[in-house]
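In what follows, every heavy atom counts, from backbone to side chain, and hydrogens, waters and symmetry copies are set aside. Note that the structure is predicted; figures quoted are calculated from it, not measured.
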Amino acid sequence: MFEARPINRQNQTIERIWRGVFLAMTLVLVIPVLVILGVLVVRGGPMISWAFLTTEPTNGMTEGGVLPALLGTIALVLVALIASVPVGVAAAVYLSEYAADNWLTRTINLAIINLAGVPSIVHALFGLGAFVLFFQFGTSILAASLTLAVMALPVVIVSTRESLQAVPMAFREACWNMGATRWQTIRTVVLPNSISGILTGVILEVSRTAGETAPIMFTGAAFFLPFLPQSVYDQTMALSLHLFVISTQVPGVPDGLPYGVALVLVGIVLLMNSVSIAFRTWLRGRKKW
Amino acid sequence: MVDAAPQPKVKVSVKDLAIQYGGKAALSGVNLEIREHEIFGIIGPAGSGKTSFLRVLNRMDEMTTGMTFTGTVAIDGRDVRAWRNLYALRSRIGVVFPLPVGLPLSIYDNVALSPRLRGIRSASDLDEIVERCLRRAALWDEVKDRLQSLGSLLSGGQQQRLTIARALSQEPELLLLDEFSIAVDPVTTMKIEDVLKELRSEMTIVLVTNLVQQARRLADRTAFFLSGAFVEVGKTEDLFTGPVTDPRTREYVEGRFG
Ligand SMILES: Nc1ncnc2c1ncn2[C@@H]1O[C@H](COP(=O)(O)OP(=O)(O)OP(=O)(O)O)[C@@H](O)[C@H]1O
Ligand SMILES: [Mg+2]
């Protein structure tokens, strides 16, 4: 009675083929990641030591550690985070929860999506014009971080808006029908249920900015600095630019050094990502529906 | 029981109401009165405009893109358009949806939400309100030992009673029920129906239902909507056995439609 008909068998075969195709594509995707990580670990791993992380580069950047660049990258990312997250999340809340669906909103949404596609070198020039020159922050951590923040904003907005919209409309309607204002609804129901998605998107995006080179090159990152920055108005070294410099601009750099720097950079990005993943897992455990 | 009552007080009066979505008519020609402390039924096939009607009563049109209405709707003699603060209007109108919506908060917080929104902070007051509303909604015994667990994890029938408890926590003057029994088993439905009969003495209830027999069991008077038009309103029993102004009404309640 429940015997497989030819069409059932055929469907099953097709199902297996598609499964195989998707799996193959996934593996194709994973291979370069593993190769990159493998090379970095094998060639850069021996460079890594406590001293490498905690001393300054010496001898024309051909020896010594990466401390100023490491701290610089952390500072740049943190300031960018502080600048972009409140604005981005607030904008996304407005667009998702308040804005009427009209031509203006649609135009803004379109602009945001296009902004996300602007090449980073263009952001760099914008940052130079706006923050370094117009606002007269000079080439500084502040100017560079703000440039990174502007670059990260559209993606922060889009990912936040998506997390907000994943909260079922019925929850909002139920609150509104009770006489709750939009803000009360956002506070009691929408944000608590989208916060894990929002934070994940935000941290992923901001950690991505850790690797950016172009936007900070003209705005605040220095080729080489013999001292650590004292305030956000100082220039700083950064891992990404340091890597670029020692790989292409400085003679006599030992073979393993660029790999070591790259490994530190990847490591710090992975660290930030795993923080976000751990956080999301923790929040998911408390997911409410 | 009823003495030679004076003319019953009108709670909601609707004149020439027409509702549009994006300029397209969804319901028109509604003229009716809903009296204080009655259960007012609304019946009609899918898409006839019943839910839209309820949304106008608490001005949810304002939250719905493209929804507009013309004509007058007055609650306690006051035009619903005259409310400057719609949150105040909505906070005194309880709404129960076809599909139960347990908010992703604890059972306790679901019921305490509305009191908190209107500024009640004292824990003992809140405890008292939560217990009273859950009891009234015939849910207390089932959940009293797990008030801190999630409302959205209750069974469908329990969530629907939670929704009713939440509506009651608003101390509503008007309770709007939109096909509340669609996702609820017959036993729970009967429980809720008993609750509604008791609540009538405290508030005015508008009951939209797909089950004409439910309207017959509960509603004092009933209106019939048909594909975007208001057909008639009358004593519920009259729609079934008395004189009807439109033969389609009788055909609908007797289930020979089409
Ligand atoms: N948000 C909306 N946007 C556009 N059209 C809508 C919207 N809501 C309802 N309508 C339309 O308005 C008409 C009336 O819908 P309504 O939901 O009021 O019907 P109903 O009587 O409640 O039906 P049901 O018994 O299926 O719930 C329908 O034609 C519907 O397509
Ligand atoms: Mg409906």
Side-chain angles (χ1 to χ4, degrees), chain A residues 92-110 160-200 280-289, chain B residues 22 51 54-55 57-67 83 85-106 109-119 149-154 159 162-163 166-172 174-178:
Chain A
V93 167
Y94 179 78
L95 289 171
S96 157
E97 306 298 315
Y98 286 91
D101 182 20
N102 56 26
W103 67 267
L104 182 63
T105 314
R106 282 194 289 269
T107 312
I108 293 176
N109 281 326
L110 203 65
T160 304
R161 200 182 50 198
E162 251 144 50
S163 312
L164 291 172
Q165 290 185 343
V167 177
M169 200 61 195
F171 293 163
R172 295 183 181 85
E173 295 248 340
C175 278
W176 295 340
N177 272 298
M178 267 189 278
T181 62
R182 282 181 194 265
W183 168 239
Q184 288 170 327
T185 305
I186 292 165
R187 207 188 52 208
T188 49
V189 173
V190 181
L191 277 185
N193 289 287
S194 51
I195 194 77
S196 80
I198 293 175
L199 289 174
T200 313
R280 181 175 57 188
T281 316
W282 178 72
L283 281 170
R284 275 233 186 103
R286 317 177 346 154
K287 180 125 179 172
K288 304 272 184 73
W289 81 91
Chain B
T51 300
L54 294 186
R55 291 176 78 84
L57 294 186
N58 70 349
R59 290 298 316 275
M60 280 298 287
D61 62 293
E62 185 244 358
M63 291 288 200
T64 314
T65 325
M67 183 177 181
W83 260 272
N85 188 331
L86 291 179
Y87 310 113
L89 171 72
R90 291 192 196 116
S91 67
R92 301 309 294 275
I93 300 179
V95 184
V96 176
F97 308 95
L99 297 177
V101 184
L103 291 174
L105 305 168
S106 72
D109 288 341
N110 261 278
V111 185
L113 180 56
S114 165
R116 282 185 179 133
L117 290 180
R118 50 172 202 272
S149 68
L150 279 179
S152 38
L153 297 182
L154 291 172
Q159 281 194 49
L162 180 64
T163 316
R166 209 170 55 206
L168 295 181
S169 75
Q170 296 172 242
E171 293 176 358
L174 201 54
L175 182 61
L176 313 179
L177 297 133
D178 193 355

At a 4.5 Å cut-off on heavy atoms, which part of B/Leu113 comes close to chain A: side chain, backbone, both, or neither?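 For B/Leu113, side-chain heavy atoms alone lie under 4.5 Å from chain A.
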What part of B/Arg118 lies closer than 4.5 angstrom to a heavy atom of chain A: side chain, backbone, both or neither?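 Nothing of B/Arg118, per the 4.5 Å heavy-atom cut-off to chain A.
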Nearest non-hydrogen partners of B/Met60 and A/Asn177, listed with the distance: CG-OD1, 3.3 Å
Nearest heavy-atom pair of B/Arg90 and A/Gly179: which atoms, and what distance?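 In this case the closest contact between B/Arg90 and A/Gly179 is CB-CA, 3.6 Å.
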B/Pro104 and side chain to side chain contact (heavy atoms under 4.5 Å, CB included): which single residue from A/Thr188, A/Asn193, A/Val167 fits?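 Exactly one candidate clears the test, A/Asn193.
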First locate atom [atom1] of [X], then atom [atom2] of [Y], and finally report the distance between them rounded to the nearest 0.5 Å.
X        : Y        : atom1 : atom2 : answer
B/Arg116 : A/Gln184 : CZ    : CD    : 12.5 Å
A/Glu173 : B/Thr64  : CD    : OG1   : 6.0 Å
A/Cys175 : B/Arg166 : SG    : CZ    : 7.0 Å
A/Thr181 : B/Leu117 : OG1   : CG    : 7.5 Å
B/Leu105 : A/Phe171 : CG    : CZ    : 9.0 Å

Chain B contact via A/Ala170 - which portion, at a heavy-atom distance below 4.5 Å: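 For A/Ala170, backbone and side chain are both near chain B.
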